[in-house]
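For reference, positions follow the sequence shown, starting with 1. Computation of the quantities below employed the complete heavy-atom set of this structure, encompassing side-chain atoms and omitting hydrogens, waters and symmetry-equivalent molecules. Remember, it's 1-based here, ligands and their atoms both numbered in the order they're listed.
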Amino acid sequence: MRLSSKVGGIAPSATLAIAGRAKALQRAGVDVISLSVGEPDFDTPAHITEACIAALQRGETHYAPGNGLPGLTEAIAAKSRDQNLIPCDPGQVIVTAGAKDAIHQAMQAALNPGDEVLVLTPDWVSYEACVRLADGVPVFVPVDSDTFQVTDALLEAVTPRTRMIVVNSPSNPSGAVLDAQSLGLVADLCRDRDLVALSDEIYERLVYGVPHVSLASLPGMADRTVTVNGFSKAYAMTGWRLGWAVGPKPVVDYMARVQSHTTSQAVTFVMYGGIAALTGDQSSVEGMRQAFDERRQYILERLAGMGYRTAPADGAFYAFVEVGGDDVAVAARWLDEARIAVTPGSAFHAPGWLRISYAAALPRLAEAMDRVAALG
Ligand SMILES: Cc1ncc(COP(=O)(O)O)c(C=O)c1O
């Protein structure tokens with residue numbers, strides 16, 4: 001059968017491939033410690049689940065406005081203004097089926113065939129795929145290999161065809177959080193070269209001792225930045241498929257056009273859970289952040305004790321570890337011999353590194369580190 005060559009050129013998600021192999025081993029009864037997926041191991045806080053159940057019981061099972069329930073777009077705009085210092089109103093918000101969907105829609109809305117998109121590497125796997133699905137051309141620009149901050153290499157990568165830059169802070173996979181200088185460099189470039197920025201801030205609530213700053217809060221950036229965020233990581237709501245974008249109205253309106261012909265809207269009763277998440281008690285978010293921080297400190301200490309260099313793990317829930325050489329072979333050895341599933345850095349354009357998700361209980365992390373140590 002003749003199928004789309006565009007889709008054929010897109011690799012399936014490498015993180016899911018490793019997780020799939022790990023799951024197959026687990027099904028066969030092997031005690032695999034899975035540290036490969038980007039998913040909190042906590043359950044969604046009860047008040048959020050209850051709000052969704054109540055919505056279902058009230059019969060909130062019908063179509064909702066395409067950009068999202070007014071209560072949710074208002075809550076997102078208020079949060080974006082108050083916490084992220086992004087000037088915006090609810091008309092600049094679109095609620096989507098997860099942050100991933102928002103990224104896809106933003107690329108569809110903003111790009112024309114052949115437009116180049118700067119992607120800072122190491123990069124999360126779906127940016128490249130979304131750029132290619134929008135007929136754009138990804139241009140990969142590495143961050144500094146010690147600090148994981150933006151360097152002048154970014155300026156050298158710009159061509160007359162450059163249209164967009166993707167920024168992800170805190171970063172998946174490195175855990176790095178961009179500092180004021182990096183964000184300033186990105187903002188200057190966007191203003192000088194009239195670029196659109198896509199700022200993926202889904203890990204914003206998971207920072208450890210450093211501030212998270214939204215790119216769109218910098219002078220002149222709200223008019224050219226699509227800020228993507230969601231509920232998956234902060235509220236342990238990965239399976240709910242609920243995210244959003246806040247951006248200049250013309251881009252959001254184009255995203256709404258795409259959404260109107262694809263998913264139509266985020267799921268109605270799920271959005272009631274989103275309202276409860278944003279407007280309700282935030283103590284569970286802080287509780288999960290503290291648990292991640294404890295695990296982060298533990299795993300970094302163990303890795304350092306074994307002589308491994310790690311990226312500055314200031315955010316998200318990943319330790320990014322330099323192993324040198326063939327990272328795919330190292331990850332395969334960790335799985336085959338130590339029964340630990342991690343993701344090779346090559347999946348993120350960072351050969352020689354491994355991404356370890358520490359979204360697992362401390363005793364499992366301890367066991368995993370013992371197994372790595374035993375590998376020698
Ligand atoms: C950097 C980054 N952005 C976006 C997403 C997608 O999040 P969602 O579950 O809201 O689609 C992920 C999920 O792993 C991620 O790591």
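Of the candidates Val226, Asp115, Val166, Asp135, Met107 forms a side-chain contact (heavy atoms from CB on, under 4.5 Å) with just one, namely Val166.
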Could you tabulate the donor-acceptor pairs under 3.5 Å formed by side-chain atoms of residues 26-34, not counting sequence neighbours?
residue	atom	partner	partner atom	Å
Gln26	NE2	Val32	O	3.0
Asp31	OD1	Arg364	NH1	3.4
Asp31	OD1	Arg364	NH2	2.8
Asp31	OD2	Arg371	NH2	2.6

Worked check of side-chain contact (heavy atoms from CB on, under 4.5 Å) between Arg241 and Phe231
CA-CA 8 Å; Arg241 310 310 307 129; Phe231 296 85; over 6 Å; no
Could you go through Ile356 and Trp334, starting from their C-alpha distance and side-chain angles, then the distance that decides it, and tell me whether this counts as side-chain contact (heavy atoms from CB on, under 4.5 Å)?
CA-CA 11 Å; Ile356 305 179; Trp334 282 28; 3.9 Å; yes
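Taking the six-membered ring where the residue is Trp, Tyr358 and Tyr208 present tilted rings, their angle falling between 30° and 60°.
Protein residues with a heavy atom closer than 4.0 Å to ligand 1 are Gly98, Ala99, Lys100, Trp124, Tyr127, Asn168, Asn172, Asp200, Ile202, Tyr203, Ser232, Lys233, Arg241, listed by chain and number.
At a cut-off of 3.5 Å, with distance as the only test, a side-chain donor of Gln265 or Thr268 sits close to an acceptor on the other residue.
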